[in-house]
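Right, one structure below, let's go through it.
Numbers for residues simply follow the sequence, beginning at 1. Values in this document were obtained by computation on a predicted structure and should not be read as measured data.
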Amino acid sequence: MIETASRSRDGTARAGRRLAGPLSPLACAALTLAVALVGIGSPSLWLDEAATVSMTTRSYGDMLRVFPHLDLVHALYYLVMKPWVAVFGTGALALRLPSALAMAAAAAGLAVIGRRCLGPPAGLAAGLAWAAGPQTSRWAQEARSYAMTAAVAVLATYLLVRALDRDERRPWRWFAGYAPTVAVLGFLHLDGALLLAAHGVTLLLTRPKAGVWLRWLVSAAVGAAPLVVLALAAQDQKRQVKWLPRPSWDVAWAQLQFLTGDRALVAPVLTLALLGVVASVLGRASPPHRTASLPAVAVPWAVVPTVLLLLVSSVSDPVFYYRYTTYCLPAVALLVGAGLAGLLTVARHPAARAALVAVAAAVLAVPSLRAHDYIRRQDSRPDDMRAAADAVRARARPGDAIVYLAGSARWSAAAYPDVFGRLRDAGVSTDPVAAANLKGRDLLPRELPPRLARTDRVWVMNHRSLNPHGPIIERRERAVQSAGPWRRAGTWTYRGGRLVLFERTGPYRSSR
């Protein structure tokens, strides 16, 4: 019996050493990447990703001409993605792969943070929860900066956790890396600067020495200084987000679903998170290092940025939208990991512990399957531009023209430049590159008929953002019809828009 107990202790020690080594973070990263890559090319590229295509396929000079009046807050992301696109192209997999890699890096960082704050089981569980989360896959499969903000936020938090370690003799070296990391986070998305507020609450809960407070304040100021300049420079670009909703209970409920992963996951995720907080507070899992507790790190990270954005939006212009807080999602995974680790303390027998963890994992995994399936559908994004591109690819002929009923339709078509680039843009006055924007500038409706006079076939594209009964849209539609006579050769309605093909049935006769 003594020999059996000894072997059991040796096996437990070996397992602990494996969890404390590099294998656990690497396994979490590998699993996250594998899950993210499943179906990564299936969803259609949409309006936001079309902006990435449009900007990164321009020269650096043409790109820089845009930022003084548009998309300044996304400038760093575009600059990072431009050389990537130059090498790998604008296919869905190529565009989204950097986001998938960023989410994998975040998984590794979560495993390390959880291990330092609560122990190896919590770190591994947090990384696995991150890999399995629907929102992880959703933003890993998006050619925008959100996944990168999550990875950089994890790095910034890891640096803070290391700096708060009471056994750390040179915390300044971690704070030296903390300042530029926070700056990068804010340049990837300005709302990421609110992570500093969350970290400030972490320090209040941790109560470090005055010297640590001073170092953090200096590092935070250094990191925030260039973000203040960015915010002031971007003040005149607020019109880009004039569509943001006012805070409401519906907005708050949508945010809760976002942070937990899906409506079906709200209850199980909150339950596990609460269990993780309670287990940590009661000291049932002692941290291997004298650093901040996991709840002190994760709860402010998950809650504070959302609360601040909602408060600002309630007294000023709206600045909140759920995806702007993607960098807070890792905090929820940490809390879930703490809850799963807490289950290990509920039962004494190894088999009972394994059963509890398996049941908890199933409660998380089964409801998430529907969300995972949905986000990998072609029409899961607001615009199914691939459907429109497929219609044009199959039926377009040399000499075909296209009329975008407004600039937003032209912007969305930039998602598939190899297809829509073959059509002559008959309604453009100044193309997006020359206009230094995403929409270009349109001809006046009365200028359209002469442009279409010698055209035998014209495609007309509408977009979800347009009012079909708006006066300018109706005038453009009438202008196209006046360039006929035409017959309607096909209509394709897809998520986010409509495409109509007209074929000429007779010579154009000017009304002048």
Side-chain angles (χ1 to χ4, degrees), residues 102-103 105-118 122-123 125-127 129-130 133 135-136 139 146-165 174-175 178 181-186 188-208 216 219-220 223-224 227 255-256 258-261 269-270 272-274 276-277 280-281 287 291-311 320 322-339 341:
M103 287 304 203
L110 283 173
V112 175
I113 293 172
R115 183 167 66 192
R116 295 193 69 87
C117 292
L118 191 57
W130 178 251
Q135 295 298 340
T136 303
W139 303 104
Y146 304 112
M148 293 184 184
T149 65
V152 177
V154 168
L155 176 58
T157 304
Y158 170 73
L159 293 171
L160 179 70
V161 167
R162 291 300 303 266
L164 292 178
D165 192 329
W174 302 107
F175 281 127
Y178 179 80
T181 302
V182 167
V184 169
L185 175 60
L188 285 172
H189 201 285
L190 194 53
D191 288 348
L194 295 178
L195 183 65
L196 286 172
H199 285 172
V201 176
T202 296
L203 265 72
L204 287 172
L205 296 173
T206 305
R207 292 181 294 179
W216 178 76
S219 300
L227 302 182
Q255 176 67 357
L256 184 59
F258 172 73
L259 290 174
T260 55
V269 166
L270 290 182
L272 280 171
L274 181 61
V277 171
S280 300
V281 170
T291 188
S293 69
L294 190 142
V297 171
V299 173
W301 185 2
V303 173
V304 170
T306 292
V307 170
L308 290 177
L309 285 171
L310 288 175
L311 286 175
F320 174 81
Y322 66 89
R323 63 174 177 255
Y324 297 170
T325 61
T326 301
Y327 67 93
C328 298
L329 293 173
V332 180
L334 278 175
L335 292 170
V336 170

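Contact check for Trp301 versus Leu334: side-chain heavy atoms found under the 4.5 Å cut-off. In this structure, Leu310 and Gln255 have side chains that are not in contact, with every pair of non-hydrogen atoms separated by 4.5 Å or more. Taking the side chain as every heavy atom from C-beta outward, Leu188 and Tyr327 never approach each other to under 4.5 Å. When side chains are defined from C-beta on, Trp216 does not count as touching Pro208, because their heavy atoms never get closer than 4.5 Å. Contact annotation: the side chain of Leu160 approaches that of Tyr178 to within less than 4.5 Å [non-hydrogen atoms, C-beta and beyond]. Annotation: side chain of Leu294 is in contact with side chain of Leu335 (closest heavy-atom distance under 4.5 Å). At least one side-chain heavy atom of Thr260 sits under 4.5 Å from a side-chain heavy atom of Leu270. Taking 4.5 Å as the limit, some side-chain heavy atom of Cys328 sits within range of a side-chain heavy atom of Leu259.
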Exercise. Check step by step if side-chain contact (heavy atoms from CB on, under 4.5 Å) holds for Thr157 and Leu195.
Key: CA-CA 9 Å; Thr157 304; Leu195 183 65; 4.2 Å; yes
Exercise. Apply side-chain contact (heavy atoms from CB on, under 4.5 Å) to Phe320 and Thr306, showing your working.
Key: CA-CA 8 Å; Phe320 174 81; Thr306 292; 4.2 Å; yes
Practice problem: Determine, stepwise, if the pair Leu203 / Leu164 fulfils side-chain contact (heavy atoms from CB on, under 4.5 Å). | Solution: CA-CA 8 Å; Leu203 265 72; Leu164 292 178; 4.1 Å; yes
Exercise. Let me see the working for Val182 and Leu185 under side-chain contact (heavy atoms from CB on, under 4.5 Å), right down to the final yes or no.
Key: CA-CA 5 Å; Val182 167; Leu185 175 60; 5.5 Å; no
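Judged by distance alone, with hydrogens and angles left aside, the side-chain atoms of Trp130 form a donor-acceptor pair with the main-chain N or O of Met103 at under 3.5 Å.
Scanning all heavy atoms of the two residues, the minimum distance from Ala197 to Leu308 falls at CB-CD1, 3.6 Å. Shown here for Ala296 and Thr206, the closest heavy-atom pair between the two residues is CB-OG1, 4.1 Å. Taking every heavy atom of both residues into account, Ala151 and Ala102 meet most closely at CB-O, 3.3 Å. The minimum heavy-atom distance linking Thr202 with Pro300 is given by the pair OG1-CG, 3.9 Å. Contact between Ala333 and Ala129 at its shortest, heavy atoms only, is O-CB, 4.4 Å. Taking all atoms of both residues into account, the shortest heavy-atom contact from Ala338 to Ala122 is CA-CB, 4.4 Å.
With respect to Ile113, the side-chain contact (heavy atoms from CB on, under 4.5 Å) criterion is satisfied by exactly one of Leu155, Val154, Thr291: Val154.
Ring-plane geometry between His189 and Tyr324 is classed as tilted, the angle between the planes lying from 30 to 60 degrees on a 0 to 90 degree scale.
The line from NE2 of His199 to CG of Leu159 is 9.5 Å long, rounded to the nearest 0.5 Å.
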